[in-house]
Protein chains: 2
Amino acid sequence: MRADARKNHDHVLAVAGAVITEHGVDASLRDIARRAGVGLATLLRHFPTREALLDALLRTRFDELTATAGELATSNSPEDALVSWLRDCVTCAREYRGVVALMAAAIEDAESALHASCVTMRAAGTRLLARAQAAGAARTDIDGTDLFALVAALAWLGDQASFTPRSDHLFDVVASAILASAESSEAEGERRPRARS
Amino acid sequence: MRADARKNHDHVLAVAGAVITEHGVDASLRDIARRAGVGLATLLRHFPTREALLDALLRTRFDELTATAGELATSNSPEDALVSWLRDCVTCAREYRGVVALMAAAIEDAESALHASCVTMRAAGTRLLARAQAAGAARTDIDGTDLFALVAALAWLGDQASFTPRSDHLFDVVASAILASAESSEAEGERRPRARS
DNA sequence: ACCTGAACACCGTTCAAGT
DNA sequence: ACCTGAACACCGTTCAAGT
C-alpha cells in the first residue's frame, strides 16, 4: 500500500471509530468521510462495506477475546472461565451500538467481512462451554450457537437505552440459566418434570 | 372522518400490513403508499409516524394479549399462566420483523405512538409475574421491566435469521431462568454461594 | 496507484396548490 | 376536509476523469 493510501486508511479508521461510537453502527458513511476529509468513494475503496469497516475497528478486540478464552481455560474453574468470558463478549459486542445485529447476520453469511471473526468467537465460546458442561457446571442442552445467540441477545439489550440500566442484572439472570447444571430442558409443557424412566 | 378518508385509511393499513410482513418494519413508506395507490403525504397524514402505523397494525393483538393475561390469571397455575403468556408476547412481538426494537424505544418514550400499548403490556406481565413470585414459582429478583426486556430479547433473537431455528429452545432456556424459584442472584462473583448468615 | 466529484436511484419531511 | 406533486436534504453505489 502506498504511503498516502496508508495514511488515509488509518485516518478514516480513527474517525470512523469516533463517529460510530457516538452515533452507532448506522452512522452515515458520507459523514465519516466528510469528517475525515476524504471523498466518500475513497472510504468505500478502503472499506468496501460497512461490515469491513466494523471488522477493521473490532479486529483487535476479537483477537483479544480469542486469546483470553485460551488463558481462562487453564487459569480458572470451568464455571468462572465461561461466565467471565461471556461477560467480556457482551462488553465487546456493545462497544459499537447496533453492531450485534450485523454480527448475528454475519455468523451465517460467509460473504460478510465480519464472518470469520464471528465464527472464531463462537468456536472459542463452544470450547469453554464444553469444558463447563463436562465439569457439570453448565446445562448440556445448549450448544455454541445457543451461547452465541444468548450473548448477542444480552448485547442487544444493552444497546436499548430503556434496558441498559438492567443489563448487568439481566446478564446474571441469563448466566444462571446457562449454569443451571441439569436444568429441565422442558421447563414448560409438562408442569412437573416426570421422574427419569 | 369522511368516507373517502376512511377508505384510504383502511386500505393503506391493509397494504402496510402486507408490505411490512414481507420486508420488516423498516419497509419504505413511499413503497407502501405507492402500492396503496395514494400519495406518500396522504399516508403520513393518516399515520404521522412509523410507530403510529405499527400501533394501528398491532392494536388488536395488544388488546388480545391484555385480555389473555386476565384470563390466564384465573384459569391456570401461576407458573403455567406466566410462561404461556410470555410465549404469546414473543409471538406477537415477532409478527413484524424489527418491531421489537421500536417497542424497546417506545416503552420509555411517552411521545411514541407505541408507548401506551407497551406500558399496558408490561403491566399485564408484571401482574402475572407477581402472582408467580407469590406462589414461589418465579425468581423474586426480577421485575416487570426485566420481564419485558427478556421478552424483547427473545423476540429479537427470533428476528435474526441465524437464530430463528433455535428460538423456541432459547425461550425454554430463558423461561427456566425466570422460573428458577430462588435461584442465586449472584450466579457469578462468588463461585459457591455462601450459606445464608 | 490512488483519489474524487458528479450522476444516480433511493429515503422521509414539508408545504403550497388543487379538488 | 382531504389529497397530492414537487422541492428539499439526506442516503449508499458507481464510474469516468483527474493526479
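Only heavy atoms go into these numbers, but all of them, side chains included; no hydrogens, no water, no symmetry mates.
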Validation row: R94(A), S167(A) side chains within 4.5 angstrom (heavy atoms): yes

Is the shortest side-chain N/O distance from N8(B) to OP1 or OP2 of dC2(D) below 4.0 Å? no

Strictly below 4.0 Å: does S28(A) bring a side-chain N or O up to OP1 or OP2 of dC10(D)? no

Could you pick out which residue, R2(B) or R50(B), lies toward the 5' side of DNA chain C when each is mapped onto its nearest nucleotide? R50(B)

What's the CZ-C1' distance between R30(A) and dC10(C), to the nearest Å? 11 Å

Nearest-neighbour nucleotide for the A5(A) side chain, dG5(D), dT13(C), dC2(C) considered: dC2(C)

Within the structure provided, determine whether F171(A) and V83(A) are in side-chain contact (heavy-atom separation under 4.5 Å). yes

Whom does dC2(D) pair with, Watson-Crick or G-U wobble, provided both distances fall under 3.5 Å? dG18(C)

How many Å lie between CG on L40(A) and C1' on dC8(C), as a whole number? 13 Å

Once you round it to whole Å, what is the distance between P of dG12(C) and CG of L29(B)? 4 Å

Nucleotide paired to dC8(D) in any strand shown, Watson-Crick or G-U, under 3.5 Å: dG12(C)

Separation of L44(B) atom CG from dC2(D) atom C1', in whole Å? 15 Å

Base, sugar-phosphate or nothing for A27(A)? Non-hydrogen atoms, less than 4.0 Å. sugar-phosphate

Nearest-Å distance for atom pair CZ/P, residues R34(A) and dG5(C): 12 Å

If only atom types and distance count, is the side chain of S117(B) paired as donor or acceptor with the main-chain N or O of L114(B) below 3.5 Å? no

I need the CG-C1' distance between D26(A) and dG12(D), as an integer number of Å. 13 Å

Which part of the nucleic acid does H46(B) contact within heavy-atom distance under 4.0 Å: base, sugar-phosphate only, or nothing? sugar-phosphate

Whole angstrom is fine here: how far is it from CD1 in I32(A) over to P in dC10(D)? 16 Å

Using only atom types and a distance under 3.5 Å, with no angle test, would you say the side chain of R122(A) pairs donor to acceptor with the backbone of I107(A)? no

Would you please confirm or rule out a distance under 4.0 Å between OP1 or OP2 of dC3(D) and any side-chain N or O of R45(B)? yes

Parallel, tilted or perpendicular: ring planes of H9(A) versus F47(A), cut at 30 and 60 degrees: tilted

From CG of L43(B) over to P of dC11(C), roughly how many Å is that when rounded to an integer? 13 Å

